Amino acid sequence: MAIALDETISEKRNWTDEEFMALPDGDRYELVNGELIIVGNSGMEHGNLGAFLCGLLEIYARRNKLGSTFDSSTAFTMKTGNKRSPDVSFVAKDRLRGLKKLPKGFFQGAPDLAVEIISPSNTFDEIHTKIVEYFDSGSKLVWVIHPDEESVLVYHKPQPDKLLQRSDSLDGETIIPGFTVPLAELFADLDFFAND
């Protein structure tokens with residue numbers, strides 16, 4: 001049963017996994033320092049970029065038995081107890097060893113790959129704080145996608161290592177070996193009517 005959001009729930013407090021999972025559908029949430037943060041919905045461009053990348057990663061990871069991919073509704077429990085939901089995430093098979101099914105609850109730790117897609121409402125400090133927390137909790141690779149600039153910042157630690165532009169490709173490196181996608185394909189214009 002869903003929990004109704006009211007002033008009591010909006011206050012800082014300790015949340016159980018069950019309470020967090022019972023929050024009303026329709027919004028995305030993160031839990032930061034005991035405070036419930038309503039992440040909200042994203043626009044079409046943001047949602048499509050996430051769906052496209054998530055789909056490519058999942059198909060590739062399943063075919064090659066590398067791990068599992070998750071969308072933006074999946075929360076991960078950080079070392080701090082915060083619950084973060086990257087726009088796209090991937091957990092390598094070694095960290096899922098012994099499981100026949102994925103847990104219904106939250107993964108303890110950050111995903112191996114966390115992807116954040118910049119929205120107009122995001123601030124630099126907010127994204128940087130998430131990146132630091134991802135690495136502190138076990139991430140090995142973070143991609144920050146800038147739709148307006150058609151670029152991606154690649155992180156192996158809380159400071160960016162590379163700036164990729166439209167002529168470059170995303171590379172799964174040792175986290176998702178062999179996976180690549182050209183940024184030109186990620187940021188492609190709609191071509192539904194090209195042959196009409």
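Because the structure is predicted, anything quoted here is derived from the model rather than measured.
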So, do L183 and S167 sit near enough that their side-chain heavy atoms are less than 4.5 Å apart?
-> no
Output yes when a side-chain donor or acceptor of S139 lies under 3.5 Å from a complementary backbone atom of P111, and no otherwise.
-> yes
Measure the CG-CG distance between L56 and L170 for me, rounded to the nearest 0.5 Å.
-> 10.0 Å
Sub-4.5 Å side-chain heavy-atom contact between V181 and F52 = yes
Minimal non-hydrogen separation, L141 against G172, with atom names | CD2-O, 4.1 Å
Is the closest side-chain heavy-atom distance between V88 and W143 below 4.5 Å?
-> no
When rounded to the nearest 0.5 Å, the distance separating CZ of F179 from CG of L53 is 5.5 Å
Heavy atoms, side chains only, cut-off 4.5 Å: are D87 and H46 in contact?
-> yes
V144, V132: one ILVMFWY side-chain cluster at the under-4.5 Å cut-off?
-> no
Could you give the distance from NE2 (H128) to OH (Y155), rounded to the nearest 0.5 Å?
-> 8.0 Å
Treat each ILVMFWY residue as a node, draw an edge where side-chain heavy atoms are under 4.5 Å apart, and state whether I131 and F70 are in one component.
-> yes
Taking the side chain from R166 and the backbone from F187, do they hold a donor-acceptor pair closer than 3.5 Å?
-> yes
Of all the heavy-atom pairs spanning T74 and P86, show the shortest one and how long it is.
-> O-CD, 4.2 Å
Among the clusters formed by ILVMFWY side chains lying less than 4.5 Å apart, do L113 and V142 turn up in the same one?
-> no
Side chains of M78 and Y134: closer than 4.5 Å at any heavy-atom pair?
-> yes
Under 3.5 Å, side chain of N64 to main-chain N/O of Y60, donor-acceptor pair present?
-> yes
Here the pair of heavy atoms bringing L163 nearest to D168 is O-OD2, 4.1 Å
Without swapping roles, check the side chain of K79 against the backbone of D136 for a donor-acceptor pair under 3.5 Å.
-> yes
So NZ of K130 and CZ of R84: to nearest 0.5 Å the spacing works out to 6.0 Å
Looking at side-chain heavy atoms only, is the closest gap between I145 and L186 below 4.5 Å?
-> yes
Shortest non-hydrogen separation from S68 to L96 and the atoms involved = OG-CD1, 3.9 Å
Are I117 and L57 grouped together when hydrophobic residues (ILVMFWY) are joined by side-chain heavy atoms under 4.5 angstrom apart?
-> yes
Applying salt bridge (charged side-chain N to carboxylate O under 4.0 Å, His left out), name anything that partners E173, two or more places apart in sequence or on another chain.
-> K162
Go through the side-chain N and O atoms of S73 and D71 and say whether any donor and acceptor fall under 3.5 Å apart.
-> yes
Could you grab the distance from atom CD1 of I175 to atom CG of L66, nearest 0.5 Å is fine?
-> 11.0 Å
Could you tell me which non-hydrogen atom of G138 sits nearest to which non-hydrogen atom of R95, and how far apart they are?
-> O-NH1, 4.2 Å
Taking atom CG of L164 and atom OG of S151, what is their separation to the nearest 0.5 Å?
-> 8.5 Å
Residue pair E126 / N122, side-chain heavy-atom distance below 4.5 Å = yes
Student check: side-chain heavy atoms of L153 and H146 closer than 4.5 Å = yes
How are the rings of F76 and F107 set to each other: parallel, tilted or perpendicular (split at 30° and 60°)?
-> perpendicular
